[in-house]
A.B. asks: 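One structure follows; several queries about it will come next.
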Amino acid sequence: MNKKMLLMIGMLIIVCLGIGGKMYMDKKRLQEDMIKIVKSNEAKEVFEQGLTNLDPKALTSEGMIQSYEIDLKSIKHNPMGGIIVDLIINDKPNLKVYESLNKNNSSGKLESSGGGNTFELEELLQEQERGD
């Protein structure tokens, strides 16, 4: 190979590394931003409102839901916009609430845009409702 070809291959490798590095840094910055949002007081209000919708006595000594923790490993960007995050209930990994957060376009406030629960949590909540 001549010098010109080696130079072109070297430049191509440098460009590919630069693009890959930029993509990695952008993804890392997005993840850090999502973690910051999920840990915010505004998100805490949304989470706690959702939990009290599931269990009116949530986060009290009388409720089935005593505590929650954000599963930081679960945080990901929703392709439709927003952030998907899991909440671990009562320090039990099998008891989870799946939450999706979005910014309201008109008010700019953070709000829940859906989610769900694990089967185990749903069973506990139904037992509490029945008074078992």
Side-chain angles (χ1 to χ4, degrees):
M1 287 204 237
N2 61 27
K3 289 181 182 181
K4 198 173 189 180
M5 183 65 93
L6 287 173
L7 183 62
M8 297 267 291
I9 291 172
M11 288 176 54
L12 182 61
I13 290 171
I14 290 171
V15 167
C16 288
L17 287 174
I19 291 172
K22 171 134 178 48
M23 289 174 61
Y24 171 79
M25 294 304 291
D26 288 349
K27 185 175 180 177
K28 185 175 178 175
R29 184 174 30 248
L30 176 63
Q31 189 68 21
E32 289 170 356
D33 289 346
M34 289 189 301
I35 290 170
K36 197 179 298 181
I37 290 168
V38 166
K39 287 182 168 184
S40 72
N41 286 332
E42 191 176 5
K44 180 181 178 182
E45 289 176 27
V46 172
F47 295 150
E48 291 180 2
Q49 177 62 48
L51 294 174
T52 55
N53 287 342
L54 290 174
D55 175 5
K57 297 177 182 179
L59 308 175
T60 69
S61 59
E62 299 171 14
M64 181 66 67
I65 298 174
Q66 297 284 310
S67 65
Y68 74 95
E69 177 186 340
I70 298 165
D71 183 358
L72 295 177
K73 294 177 191 167
S74 73
I75 297 171
K76 54 188 165 223
H77 182 261
N78 185 339
M80 300 298 285
I83 302 169
I84 299 170
V85 61
D86 297 350
L87 304 177
I88 300 171
I89 305 301
N90 300 341
D91 294 318
K92 296 181 180 173
N94 63 326
L95 303 179
K96 286 189 180 180
V97 172
Y98 308 113
E99 188 70 64
S100 185
L101 298 173
N102 278 318
K103 283 272 187 190
N104 183 304
N105 289 333
S106 57
S107 70
K109 288 188 155 209
L110 201 60
E111 62 186 16
S112 175
S113 61
N117 319 320
T118 58
F119 177 75
E120 292 88 348
L121 178 60
E122 197 61 40
E123 279 188 326
L124 284 176
L125 293 171
Q126 287 177 1
E127 283 176 21
Q128 180 186 25
E129 221 173 80
R130 290 189 306 260
D132 294 350

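Basis for what follows: all heavy atoms, side chains included, without hydrogens, waters or symmetry-related copies.
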A.B. asks: What about I89 and M64, same hydrophobic cluster or not, with Ile/Leu/Val/Met/Phe/Trp/Tyr joined at side-chain heavy-atom distances under 4.5 Å?
C.D. replies: yes
A.B. asks: Starting at CG of D55, measure out to CD1 of I65 and round the result to the nearest 0.5 Å.
C.D. replies: 5.0 Å
A.B. asks: In the single-linkage hydrophobic clustering (I, L, V, M, F, W, Y; side-chain heavy atoms under 4.5 Å), do L95 and Y98 co-cluster?
C.D. replies: no
A.B. asks: NZ/K103 to OG/S113 distance, rounded to the nearest 0.5 angstrom?
C.D. replies: 13.0 Å
A.B. asks: Does one hydrophobic cluster hold both I70 and L121, with members joined at side-chain heavy-atom distances below 4.5 Å?
C.D. replies: yes
A.B. asks: Following the transitive rule for hydrophobic clusters with a side-chain heavy-atom cut-off under 4.5 Å over Ile, Leu, Val, Met, Phe, Trp and Tyr, establish whether I19 and M11 coincide in one cluster.
C.D. replies: no
A.B. asks: Roughly how far, to the nearest 0.5 Å, is NE2 of H77 from CD1 of I83?
C.D. replies: 8.0 Å
A.B. asks: Quick check against the 3.5 Å criterion: does T118 have a side-chain atom that pairs as donor or acceptor with the backbone of K96?
C.D. replies: yes
A.B. asks: Contact between K39 and L72 at the side-chain level, heavy atoms closer than 4.5 Å - yes or no?
C.D. replies: yes
A.B. asks: Rounded to the nearest 0.5 Å, what separation is found between the CG atom of L87 and the CG atom of N117?
C.D. replies: 10.0 Å
A.B. asks: Should side-chain heavy atoms under 4.5 Å link Ile, Leu, Val, Met, Phe, Trp and Tyr, which residues sit in the same cluster as L12?
C.D. replies: none
A.B. asks: Test side chain to side chain contact (heavy atoms under 4.5 Å, CB included) on L101 and V38 and set out the steps.
C.D. replies: CA-CA 8 Å; L101 298 173; V38 166; 4.3 Å; yes
A.B. asks: Rounded to the nearest 0.5 Å, how far apart are CD of E111 and CD of E42?
C.D. replies: 9.5 Å
A.B. asks: For a quick test of your reading: what N or O donor-acceptor pairs under 3.5 Å do the side chains of residues 43-52 make, sequence neighbours left out?
C.D. replies:
from, atom 1, to, atom 2, distance (Å)
E48, OE2, Y68, OH, 3.2
Q49, NE2, N53, OD1, 3.1
T52, OG1, E48, O, 3.2
T52, OG1, Q49, O, 2.9

A.B. asks: Can you get from L54 to V85 by hopping between Ile, Leu, Val, Met, Phe, Trp and Tyr side chains that sit under 4.5 Å apart?
C.D. replies: yes
A.B. asks: Rounded at 0.5 Å granularity, tell me how far CG in D71 sits from CD in E99.
C.D. replies: 13.5 Å
A.B. asks: Between D91 and P93, what is the shortest heavy-atom contact and its length?
C.D. replies: O-CD, 3.7 Å
A.B. asks: Side-chain atoms of residues 28-36: list all donor-acceptor pairs with protein atoms under 3.5 Å, sequence neighbours left out, distances to 0.1 Å.
C.D. replies:
from, atom 1, to, atom 2, distance (Å)
R29, NH2, D26, OD1, 2.8
Q31, NE2, I75, O, 3.2

A.B. asks: Quick one: does any side-chain atom of N90 pair with a main-chain N or O of Q66 as donor and acceptor, under 3.5 Å?
C.D. replies: yes
A.B. asks: Would you confirm whether N102, through its side chain, and G82, through its main-chain N or O, come within 3.5 Å as a donor-acceptor pair?
C.D. replies: yes
